[in-house]
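Atoms within a ligand are numbered from 1 in the order they appear, just like the ligands themselves. Predicted model only: the values in this text are computed from it and were never measured.
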Amino acid sequence: MTESGEVVGEVIGEVDASSVDSEVVDVIVVGGGPIGLAAAINARMHGLTTLVIEPRGGTIDKACGEGVMPGAVEELAALGVHPSGRMIAGISYQNGKRTAEHRFSGNAALGVRRTELHRALAERAAELGVRFEHGKVDAIEQQGGAVSAQLVDGRTFEARWMLGCDGLLSAVRELVGLATRPRRVRHNDSRRFGIRQHFEVAPWTDLVEVHWAPNAEVYITPVGDNEVGVAVLGRRGFSFEEALASVPALAERLRGAEPASSARGAGPLLQNTRGQRAGRVLLVGDAAGYVDAITGEGIRLGLAEARAVIECIVADEPERYEREWRRITRDFRMLTTGLVAAANSPLRSAIVPLAARLPHLFGRIVESLAR
Ligand SMILES: Cc1cc2nc3c(=O)[nH]c(=O)nc-3n(C[C@H](O)[C@H](O)[C@H](O)COP(=O)(O)OP(=O)(O)OC[C@H]3O[C@@H](n4cnc5c(N)ncnc54)[C@H](O)[C@@H]3O)c2cc1C
């Protein structure tokens, strides 16, 4: 079910000199997802020469709820990136009997197809002179003031800095020793995964709806005039169809709607790390560590990290980045860890009633996601 980045490869010593790209760039970005592209745009805006290495060609799609929070919309605008999307006014929690909803007090969020987000970021990166190479990094070497990436096809590229933006199952994290040992999977496997699919139907709401089904959370994000994204989060092995069927009101809305994309999955969502920096290699976005998609903040946090990491490099203070990362992700790590624990506990059925009974608290939480 997972979609990217098998954890393979080793740090290598010697390479064939004829396969080494002679130009040493300032920054190599490994992974051309949204956060890699945002980091590359930031780097170019500071005048750094930048190379993005990404194995997938064309416009990249990915399993995502596609809610781009207000803070992320602002970060994108500051980069000169303006994707088209559907205005999202807030968030609604529902469980069939109770509903809690909060509308953002400031700017709106956007429901944006990942393909559209990728198009907008890739166009801006190309406009600023970011260089692109197709390939998969599977070895990294650091020596003196430089770091080099070797691709599966044997080509090697060298830079002063490398950003690992290669997603949840980051190979860079593994190659530079920042991965933690995988947890032993117990009989009662609590690891969580996500699956998303789009349907041709006119949005019936201007909110992101989160339906708390008995065994999964079902997210509805309007992304177009006649398209909604459905993302389901749950424990390994859950069924997308069964999760939808367990929310009768939703099943009714989607009855007869044509799928507008095929189902895509990602996970396990929880990814711990030893840190975010090893010498001249820094981790950004999901590669830097992730808890869960339950609060829909990955893009907002990753964009803030992409800005911070380039500021640290430009100031020649790479050691400051890990502190910045902890600051940027602190609330996310606390809230998301707590919410996932509640979702996996007998408290699960009390989450929506509590949110409905405590609208100020629910509102404060939603506003914290919007920042
Ligand atoms: C089901 C689900 C729902 C979500 N909902 C939301 C939401 O509503 N809002 C939100 O903000 N966030 C959401 N997220 C989180 C969001 O999708 C991620 O935080 C975001 O995609 C992170 O971007 P990234 O660029 O770090 O990683 P990715 O988007 O995964 O990009 C990584 C890139 O690295 C490339 N790569 C991998 N390995 C290598 C290699 N060895 N060499 C070179 N390149 C490589 C991959 O091909 C890929 O293009 C959701 C996530 C899931 C799974």
Give a yes/no verdict on whether any heavy atom in [X] is under 4.0 Å from an atom of ligand 1.
{"X": "R196", "result": "no"}
{"X": "Y290", "result": "yes"}
{"X": "L151", "result": "no"}
{"X": "A287", "result": "no"}
{"X": "P55", "result": "yes"}

Is it the side chain, the backbone, both or neither of [X] that has a heavy atom closer than 4.0 Å to ligand 1?
{"X": "A63", "answer": "backbone"}
{"X": "R56", "answer": "side chain"}
{"X": "A266", "answer": "side chain"}
{"X": "M69", "answer": "neither"}
{"X": "I53", "answer": "backbone"}
{"X": "D138", "answer": "neither"}
{"X": "Y219", "answer": "neither"}

### Message
Can you tell me how far apart CG (L175) and OG (S170) are? Round to the nearest 0.5 Å.
### Response
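Result: 8.0 Å between the selected atoms.
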### Task
Tell me, with the steps shown, if T156 and S148 meet side-chain hydrogen bond (donor to acceptor under 3.5 Å, both in side chains).
CA-CA 7 Å; T156 298; S148 64; over 6 Å; no
Which one of [options] has a non-hydrogen atom at the shortest distance from [atom]?
{"atom": "atom 37 (C) of ligand 1", "options": "D286, D166, V112", "result": "D166"}
{"atom": "atom 27 (O) of ligand 1", "options": "G167, G36, G298", "result": "G167"}
{"atom": "atom 47 (O) of ligand 1", "options": "E54, H118, K136", "result": "E54"}
{"atom": "atom 16 (C) of ligand 1", "options": "E297, E305, R114", "result": "R114"}
{"atom": "atom 32 (C) of ligand 1", "options": "A288, C165, G267", "result": "C165"}
{"atom": "atom 41 (N) of ligand 1", "options": "V30, V152, I28, V137", "result": "V137"}

Contact atoms of ligand 1, heavy-atom distance to [X] under 4.0 Å:
{"X": "E66", "value": "7 (C), 8 (O)"}
{"X": "L233", "value": "1 (C)"}
{"X": "G67", "value": "7 (C), 8 (O), 9 (N), 10 (C), 11 (O)"}
{"X": "G285", "value": "26 (O)"}
{"X": "A293", "value": "2 (C), 3 (C), 4 (C), 50 (C), 51 (C), 52 (C)"}

Are [X] and [Y] close enough that some pair of their side-chain heavy atoms sits under 4.5 Å apart?
{"X": "T329", "Y": "E305", "answer": "yes"}
{"X": "R113", "Y": "P83", "answer": "no"}
{"X": "M162", "Y": "V30", "answer": "yes"}
{"X": "I91", "Y": "L207", "answer": "no"}
{"X": "D206", "Y": "R103", "answer": "yes"}

Check ion pair [X]-[Y] (N to O, under 4.0 angstrom):
{"X": "R119", "Y": "E123", "value": "yes"}
{"X": "R173", "Y": "D166", "value": "no"}
{"X": "R348", "Y": "E217", "value": "yes"}

### Query
Quick one: side-chain hydrogen bond (donor to acceptor under 3.5 Å, both in side chains) partners of R160, sequence neighbours excluded?
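Residues passing side-chain hydrogen bond (donor to acceptor under 3.5 Å, both in side chains) with R160: D26.
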[X]-ligand 1 polar pair, N/O distance under 3.5 Å:
{"X": "L269", "answer": "no"}
{"X": "I299", "answer": "yes"}
{"X": "I35", "answer": "yes"}

### R114 and I299: CA distance, side-chain angles, deciding distance, side-chain contact (heavy atoms from CB on, under 4.5 Å) verdict
CA-CA 11 Å; R114 284 293 289 236; I299 296 170; 3.9 Å; yes
### Test applied, side chain to side chain contact (heavy atoms under 4.5 Å, CB included); reference residue, L163; option that passes from N42, I310, I28
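Passing option: I310.
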### side chain to side chain contact (heavy atoms under 4.5 Å, CB included) partner of Y219, chosen from I294, V232, V230
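When I294, V232, V230 are each tested with Y219, the side chain to side chain contact (heavy atoms under 4.5 Å, CB included) holds only for I294.
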### Task
Examine the side chains of T115 and T59 and answer whether a donor and an acceptor come within less than 3.5 Å of each other.
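Short answer, no.
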